[in-house]
Amino acid sequence: MRIEIVTIGNEVLSGRTFDTNFVFLARACEEASVVVAWHTTVGDNSEAIGETLKLALSRADGVIMTGGLGPTPDDVTRKAVATALNRPLQLDEGTLQHIRDRGKKSARRLPSSVETMALVPRGAELWQNPVGAAPGILIDYRKKPVILLPGPPPELEALASQFAVPWLRERAGTCVESFTLRTFGMFESQIHERLGAISDHWPGASLAYLPSWFGVDLRVTVSGPSATLVRDTAERAYGELTSKVGGVVYAEGTTGMEEVVSEALVAKGWRIAAAESCTGGLLTKRLTDVPGSSRYVERSFVTYSNEAKQQLLGVSAEDLARHGAVSAQVAEQMAQGARKKAKVDVGVSITGIAGPDGGSEEKPVGTVYIAISSALGDAVRHHRFMGTRATVRERAAQTTLDMLRRHLSGLPVEPAWD
Ligand code: ATP
Ligand code: MG
């Protein structure tokens, strides 16, 4: 079954509201093997909604529309759909009762206009809203389902997961499996060169490259009529991909690099201290984003000035003068200093030029040195990150976490295919 998702609302069309309802529905559909083949956004305009619905019904096997089911005059979805499908609105007594019961429970007196939410297209099946007033509406239009769901995300999510998606799953007729491998340290083009046309001989599969400053995620989606065939292909794809690029895979699914590092530190029973300059605490923020991080984060030093580097970390004034604050020598001494002063197992440091000013020919904006010091040894790497100040800082933090991940598993800190 290939469906179209239509999100309705001027606020979505104008870009002021992020279309998180689409994100939620698309993910839920994928997990339920319902293929989302189109996504349209349309404003709160009856004619446009009617036209969009007709177009969707001409190409898709079913349609989910969200938004505009409320009681205010800008909520026109029910009326627009009723007109487009020639299913006049009728009062549904059960929904009216539900709305009145909710009104009694609420401390405020609600205007009678809320009762317009009990008007539904003739012949529709209704799903009672567990967290709001407007019900989910299912219309069977010439054997194609048209599903209307309210716009507020909690209501959309409750009705979609309790009713709409299970209903579609039962009728899907296709099986879908997908997985994501998260890589770090190689560019998209390098990964592509290494993989070539690898997915060509995976029947029914697609391979997507999803780059961001957290790395390149590789997402494989396999669909087909047989669950066994789909699973076999997904397993084969997984095996082939990991044998080619496994060395730069740090996690699967949505697991973040900070979680991987956290697990590695907990497994070793190690505590960490960070010394941050250009990232101003971003690395520590990432490390402490993980619940339970007090098990391994001892403290951090945000040492922006040379004085702070000397006073708090014991960096040598002579090396600061000779090599500059952004240098391998200073990065190493910062990591060693953090480890020693905090009396922890591993010290890590970041010093660099985030820009937009402060660069030179020898050390341009984006130059960052990252060092690690532990009983496993000391390591330092020079980097040159491209992008804005924010990007340089994000990349530096993510790179440091990857270096830590590699260091803690006894690997060289430099990314490598194997
Ligand atoms: P209400 O009874 O609240 O008016 P409704 O079904 O009419 O519900 P809308 O008026 O379209 O829904 O949207 C209500 C709120 O839900 C919006 O202000 C917006 O914050 C949120 N919303 C609507 N559509 C989306 C969407 N596609 N993604 C994320 N949020 C949305
Ligand atoms: Mg509304």
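Atoms within each ligand, like the ligands themselves, are counted from 1 in listed order. Numbers for residues simply follow the sequence, beginning at 1.
Of the protein's non-hydrogen atoms, Asp75 OD2, 3.3 Å is the one closest to atom 4 (O) of ligand 1. Looking only at protein heavy atoms, the nearest one to atom 24 (N) of ligand 1 is Asn21 ND2, 3.5 Å. The protein heavy atom nearest to atom 18 (O) of ligand 1 is Glu11 OE2, 4.0 Å. Nearest non-hydrogen protein atom to atom 8 (O) of ligand 1 is Pro152 CD, 3.2 Å. When hydrogens are left out, the protein atom nearest atom 2 (O) of ligand 1 is Gly70 CA, 3.3 Å; that is the closest non-hydrogen contact.
Between Pro71 and ligand 1, not a single N/O pair is under 3.5 Å apart. Taking only nitrogen or oxygen atoms, main chain and side chain alike, Thr7 does not reach within less than 3.5 Å of ligand 1. The N/O atoms of Leu69, backbone and side chain alike, include one that comes under 3.5 Å of an N/O atom in ligand 1.
A heavy-atom separation below 4.0 Å is not found between Thr72 and ligand 1. Heavy atoms of Pro153 come nearer than 4.0 angstrom to ligand 1 in at least one pair.
Among the atoms of Asp44, none of the N, O or S atoms falls under 2.8 Å from the Mg ion (ligand 2).
For the pair Asp61 and Arg2, the salt-bridge criterion is not met [side-chain N within less than 4.0 Å of a carboxylate O]. Classification of Lys285 and Asp289 as a salt-bridged pair holds, one side-chain N sitting under 4.0 Å from a carboxylate O.
Within a 6.0 Å sphere centred on NZ of Lys244, other residues, nucleotides and ligands contribute 12 heavy atoms or fewer. When the shell of 6.0 Å around CZ of Arg27 is examined, it contains 12 or fewer heavy atoms from other residues, nucleotides or ligands. No more than 12 heavy atoms of other residues, nucleotides or ligands shown are found within 6.0 angstrom of NZ on Lys79. Environment of CD in Glu47: sparse, with no more than 12 heavy atoms of neighbouring residues, nucleotides or ligands closer than 6.0 Å. Within a 6.0 Å radius of OH in Tyr209, other residues, nucleotides and ligands contribute more than 12 heavy atoms.
Near Phe18, with a cut-off below 4.0 Å to any heavy atom, the atoms of ligand 1 are 28 (N), 29 (C). For ligand 1, the atoms lying closer than 4.0 Å to a non-hydrogen atom of Thr17 are 29 (C), 30 (N), 31 (C). Atoms of ligand 1 lying under 4.0 Å from at least one heavy atom of Asp19, given by number and element, are 26 (C), 27 (N), 28 (N). Atoms of ligand 1 found under 4.0 Å from any heavy atom of Pro150 (numbered from 1 in listed order, with element): 6 (O).
Each of Leu69, Thr95, Ile99 was compared with Pro135 under the side chain to side chain contact (heavy atoms under 4.5 Å, CB included) criterion, and only Thr95 meets it.
For the residue pair His407/Ser374, the side-chain donor-acceptor check at 3.5 Å is satisfied.
Across the listed options Gly9, Gly151, Gly68, Gly68 owns the non-hydrogen atom lying nearest to atom 11 (O) of ligand 1.
Taking 4.5 Å as the limit, every side-chain heavy atom of Lys309 sits out of range of all side-chain heavy atoms of Ser349.
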